[in-house]
Amino acid sequence: SGGLALYIFLLLYCFVGLAIVCDDYFVPSLEKISEGLSLPEDVAGATFMAAGSSAPELFVSLADNVISNPPKSVGIGTIVGSAIINILV
């Protein structure tokens, strides 16, 4: 019972932290990039937001294939998981 409450608290804490980081750093940096390239907001949101949200899965897949010897099958799972999240969100 206490472990479940701690788990829920930590989960909510991570979500709030992620929201703060995205609002303070991710969105303003995308705005500066799109302004520098003179892109409309729709195009910038469709390209850079999707690429930015898929970057962690890309780096996990890259690290799995480059660092581990022999490579494991994490790469396909991260790519499929990233695609599903991008479609649903």
Side-chain angles (χ1 to χ4, degrees):
S1 161
L4 180 62
L6 178 65
Y7 178 76
I8 291 172
F9 172 76
L10 289 175
L11 187 65
L12 291 174
Y13 182 78
C14 287
F15 278 126
V16 169
L18 183 62
I20 291 170
V21 168
C22 286
D23 283 343
D24 291 345
Y25 299 104
F26 186 62
V27 173
S29 66
L30 289 178
E31 288 174 353
K32 286 184 181 181
I33 291 170
S34 62
E35 287 174 5
L37 296 174
S38 300
L39 293 174
E41 290 183 10
D42 296 337
V43 174
T47 55
F48 290 115
M49 186 68 79
S53 65
S54 297
E57 288 88 5
L58 176 66
F59 290 125
V60 166
S61 177
L62 182 67
D64 174 55
N65 289 319
V66 172
I67 295 173
S68 66
N69 194 8
K72 297 178 178 57
S73 63
V74 173
I76 293 174
T78 57
I79 292 169
V80 170
S82 171
I84 291 172
I85 292 297
N86 286 337
I87 289 170
L88 295 177
V89 174

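For this chain, numbers begin at 1 and follow the sequence in order. For clarity, every value in this text was computed on a predicted model and none was experimentally measured. All values below were derived from every heavy atom in this structure, side-chain atoms included, with hydrogens, water molecules and symmetry-related copies excluded.
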Worksheet item: Should side-chain heavy atoms under 4.5 Å link Ile, Leu, Val, Met, Phe, Trp and Tyr, which residues sit in the same cluster as L18?
Response: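 For L18, no cluster forms, as it stays isolated from other hydrophobic side chains.
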
What donor-acceptor contacts under 3.5 angstrom involve side-chain atoms of residues 28-38, with partners at least two apart or in another chain?
unit_1	atom_1	unit_2	atom_2	d
S29	OG	Y25	O	3.0
S29	OG	F26	O	2.8
S34	OG	L30	O	3.1
S34	OG	E31	O	3.0

Item to complete: List the atom of T47, the atom of V43, and the distance in Å for their closest heavy-atom pair.
Response: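 Heavy atoms only, the tightest pair is OG1-O, 2.8 Å.
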
